[in-house]
Engineer: 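Got a structure for you, questions after.
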Number of protein chains: 2
Amino acid sequence: MEKQLFNFIAKYMPLSVEEKEAIIELDIFRNYKKGTVLLKEGQYSKVGYFVIKGCIRSYYVIDGEEKTTAFYTELDSFSPLCVVNNKPSEYYVACVEDSILTVANPEMEKIIFEKFPRFETLCRILSEELLAKSQASFDDFKTSSPEQRYLKLLETRPDLLQRVPQHQLASYLGMKPQSLSRIRKRLVDQHK
Amino acid sequence: MEKQLFNFIAKYMPLSVEEKEAIIELDIFRNYKKGTVLLKEGQYSKVGYFVIKGCIRSYYVIDGEEKTTAFYTELDSFSPLCVVNNKPSEYYVACVEDSILTVANPEMEKIIFEKFPRFETLCRILSEELLAKSQASFDDFKTSSPEQRYLKLLETRPDLLQRVPQHQLASYLGMKPQSLSRIRKRLVDQHK
DNA sequence: GCCAAACGTTCACTTAAGTTAACAAAAAAG
DNA sequence: CTTTTTTGTTAACTTAAGTGAACGTTTGGC
């Protein structure tokens with residue numbers, strides 16, 4: 001279980017035995033059942049997540065409708081805005097599948113950063129990278145039509161189509177479930 | 001000129017005289033004329049920016065058309081994806097106005113982080129914050145119609161409408177210039 | 001194993017954005 | 001000052017997504 005995490009980190013910096021032990025001592029691994037709500041609108045959460053296994057999603061409830069905006073799967077990390085800005089969360093976070101996550105808060109980070117300053121460098125690099133990638137996805141979204149976004153998703157995250165209900169994918173792609181259904185039909189029809 | 005930068009940083013951590021001097025010694029302040037292209041598609045740039053004064057934008061050229069995806073103004077910082085992933089840039093960056101920017105690369109950061117480790121903490125916190133905010137903007141975009149996005153922009157960054165050509169705003173809002181023009185007309189008409 | 005809820009598809013209709021093109025206005029270049 | 005070039009508006013038409021509703025299917029709870 002820790003292995004996935006350490007393999008991931010090793011891509012950036014191989015860890016020493018002491019460093020690995022320090023992480024294990026933090027006791028950050030948690031199991032959640034499908035459907036578990038990790039964060040609710042209005043809550044002041046202080047924890048961020050790293051997905052070892054499974055899938056979680058963030059969603060807003062607007063006029064009684066769920067609007068899914070993100071999915072996080074294996075090796076993705078996610079720190080809700082409320083962790084950063086100390087305001088109540090505007091969205092929910094829930095498990096799409098049974099999941100194994102690491103769960104950590106800023107105090108735990110502080111402890112580990114003081115013992116091993118390299119970890120802070122790692123976190124800085126990771127979040128700079130995630131920021132640039134998040135902006136690139138946003139750019140992609142802005143410059144594409146709904147159909148192009150669906151095709152792009154097929155290329156880049158085909159697994160999501162198997163793991164996630166379509167109506168959640170629809171709002172993730174910025175459209176209504178009926179539109180996604182129609183687009184899929186259109187594409188199938190074209191191919192015959 | 002340095003004052004804007006130090007005031008901004010002071011919101012996160014007040015700097016000592018030595019720290020300020022170390023930054024000034026890096027000689028990172030630059031003046032650019034309106035229209036200057038800072039980064040071209042295909043280039044491997046290694047520099048990130050912080051806007052002291054002025055406005056820069058990033059844009060793609062797709063089928064010969066410019067697609068503007070972001071504007072950075074006073075106190076915004078921006079590190080292009082190519083700086084992070086070592087791949088040729090997929091987009092351009094240019095000055096929308098005469099601008100004063102700080103320009104820094106990872107080696108300069110390394111030097112300053114080694115002398116003052118607090119700076120790395122600052123950069124980590126800043127990029128975590130920017131990441132969470134970038135995701136929130138993306139969420140907003142996904143869950144809104146073109147008209148709602150225009151109205152949101154009026155609320156959150158009304159200055160952009162004065163500073164930036166409308167056809168650039170249009171692609172920033174994920175629509176065609178004609179559509180933005182129509183939306184504006186529709187809104188004016190409704191109000192009478 | 002049955003029932004209710006959730007999910008996905010389809011359809012007819014509405015609405016809004018994309019497209020193409022013409023033209024006006026403003027800004028930059030000479 | 002005049003001429004381009006860039007920018008913005010408008011209009012007619014096309015295309016695709018939103019809406020509301022019906023219906024079939026799957027899923028999960030009991």
Side-chain angles (χ1 to χ4, degrees), chain A residues 33-37 55 57 59 61-68 71 92 94-98 141-154 160-192, chain B residues 33-37 55 57 59 61-68 71 92 94-98 141-154 160-192:
Chain A
K33 282 277 163 210
K34 175 175 174 173
T36 307
V37 176
C55 178
R57 72 180 172 115
Y59 60 99
V61 176
I62 299 174
D63 302 328
E65 286 225 337
E66 284 190 9
K67 306 265 190 177
T68 297
F71 295 101
Y92 295 77
C95 297
V96 174
E97 308 172 342
D98 290 353
F141 195 95
K142 271 184 186 168
T143 58
S144 313
S145 66
E147 180 172 323
Q148 289 172 320
R149 297 197 292 256
Y150 171 71
L151 290 169
K152 187 90 182 186
L153 189 73
L154 277 182
L160 280 187
L161 279 127
Q162 312 306 323
R163 308 173 79 165
V164 161
Q166 246 181 66
H167 68 283
Q168 291 177 8
L169 278 178
S171 51
Y172 176 66
L173 292 170
M175 66 181 91
K176 301 287 160 178
Q178 296 93 320
S179 298
L180 178 53
S181 190
R182 176 166 40 201
I183 285 171
R184 284 163 57 88
K185 182 176 164 58
R186 206 160 59 209
L187 292 170
V188 172
D189 287 357
Q190 277 173 18
H191 246 272
K192 294 196 282 203
Chain B
K33 283 277 164 210
K34 174 173 174 174
T36 307
V37 177
C55 178
R57 72 178 172 116
Y59 60 99
V61 175
I62 299 174
D63 302 328
E65 286 225 336
E66 283 189 12
K67 305 264 191 177
T68 297
F71 294 101
Y92 295 76
C95 297
V96 173
E97 306 172 343
D98 290 354
F141 194 95
K142 271 184 186 169
T143 58
S144 313
S145 66
E147 179 172 325
Q148 289 171 320
R149 297 198 291 256
Y150 172 70
L151 290 169
K152 188 89 182 189
L153 189 72
L154 277 182
L160 279 187
L161 279 125
Q162 313 306 323
R163 307 174 78 167
V164 162
Q166 249 181 63
H167 68 281
Q168 290 177 8
L169 278 178
S171 52
Y172 176 66
L173 291 170
M175 67 181 91
K176 302 285 158 177
Q178 296 92 323
S179 298
L180 178 53
S181 189
R182 177 164 42 200
I183 285 171
R184 284 164 56 90
K185 182 176 164 58
R186 205 160 59 208
L187 291 169
V188 172
D189 288 357
Q190 276 173 18
H191 246 272
K192 293 195 283 203

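Within every chain, numbering begins at 1; the chains are lettered A, B, ... in the order of the sequence lines, protein sequences first and strands thereafter.
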Engineer: For A:K142 and C:dA17, give me the distance from atom NZ to atom C1', rounded to whole Å.
Structural biologist: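 From A:K142 NZ to C:dA17 C1': 18 Å.
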Engineer: Taking for each residue the nucleotide of DNA chain C bearing the nearest heavy atom, is the 5' side occupied by A:Q168 or by A:S179?
Structural biologist: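 Residue closer to the 5' terminus by nearest nucleotide: A:Q168.
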Engineer: Could you tell me whether the phosphate oxygens of D:dA11, OP1 or OP2, come under 4.0 Å of any side-chain nitrogen or oxygen in B:Q178?
Structural biologist: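 False: B:Q178 side-chain N/O out of range (4.0 Å or more) of D:dA11 OP1/OP2.
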Engineer: Separation of A:E65 atom CD from C:dC7 atom P, in whole Å?
Structural biologist: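 So the CD-P distance, A:E65 to C:dC7, works out to 12 Å.
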Engineer: If you compare every side-chain N and O of A:H167 against the phosphate oxygens of C:dG8 (OP1, OP2), does one of them come in below 4.0 Å?
Structural biologist: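 The answer is yes; a side-chain N or O of A:H167 sits under 4.0 Å from OP1 or OP2.
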Engineer: Does A:K176 put a side-chain nitrogen or oxygen below 4.0 Å from OP1 or OP2 of D:dT19?
Structural biologist: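 Result: yes.
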Engineer: Output the rounded distance in Å from CD (A:Q166) to C1' (C:dT10).
Structural biologist: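 So the two atoms are 13 Å apart, to the nearest Å.
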Engineer: Can you tell me the distance, in whole Å, between the CE atom of B:M175 and the P atom of D:dG8?
Structural biologist: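 In whole Å, D:dG8 P lies 14 Å from B:M175 CE.
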Engineer: Counting heavy atoms from C-beta on, name the nucleotide in D:dG8, C:dG18, C:dT9 closest to the side chain of A:S181.
Structural biologist: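 It is C:dT9.
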Engineer: Should A:R57 and A:E97 count as an ion pair when the cut-off is N to O under 4.0 Å?
Structural biologist: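 Salt bridge between A:R57 and A:E97, a charged N being under 4.0 Å from a carboxylate O: no.
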Engineer: Between B:K185 and D:dG8, is there a side-chain N or O to OP1/OP2 distance below 4.0 Å?
Structural biologist: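 The answer is no; no side-chain N or O of B:K185 sits under 4.0 Å from OP1 or OP2.
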Engineer: Is there a donor-acceptor pair under 3.5 Å between the side chain of A:S171 and the backbone N or O of A:G174?
Structural biologist: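 Such a contact is absent between A:S171 side chain and A:G174 backbone.
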Engineer: Can you check the B:D98 CG to C:dA28 C1' distance for me, whole Å?
Structural biologist: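 It works out to 15 Å between those atoms.
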Engineer: Rounded to whole angstroms, how far apart are CG on A:D189 and C1' on C:dT10?
Structural biologist: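 Value for this atom pair: 12 Å.
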Engineer: Report yes if the side chains of A:L151 and A:L187 come closer than 4.5 Å at any heavy-atom pair, otherwise no.
Structural biologist: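 Yes, their side chains come closer than 4.5 Å.
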Engineer: What is the distance, to the nearest angstrom, from the CG atom on B:L180 to the C1' atom on D:dT9?
Structural biologist: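 Whole-Å distance recorded here is 11 Å.
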Engineer: Record whether the side chain of B:R182 comes under 3.5 Å of the base of D:dG8 through a donor-acceptor pair of N or O atoms.
Structural biologist: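 Such a pair does not exist between side chain and base.
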Engineer: Please determine, by modelled atom types, if A:R149 and A:S144 share a side-chain donor-acceptor pair under 3.5 angstrom.
Structural biologist: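 No, no side-chain donor-acceptor pair sits under 3.5 Å.
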Engineer: Taking A:E147 as the fixed residue, which of A:K152, A:R186, A:R182 is the one that meets the salt bridge (charged side-chain N to carboxylate O under 4.0 Å, His left out) rule?
Structural biologist: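 For A:E147, the salt bridge (charged side-chain N to carboxylate O under 4.0 Å, His left out) test succeeds with only one of A:K152, A:R186, A:R182, which is A:R186.
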Engineer: Between C:dA17 atom P and B:Q148 atom CD, what is the distance in whole Å?
Structural biologist: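 Result: 10 Å.
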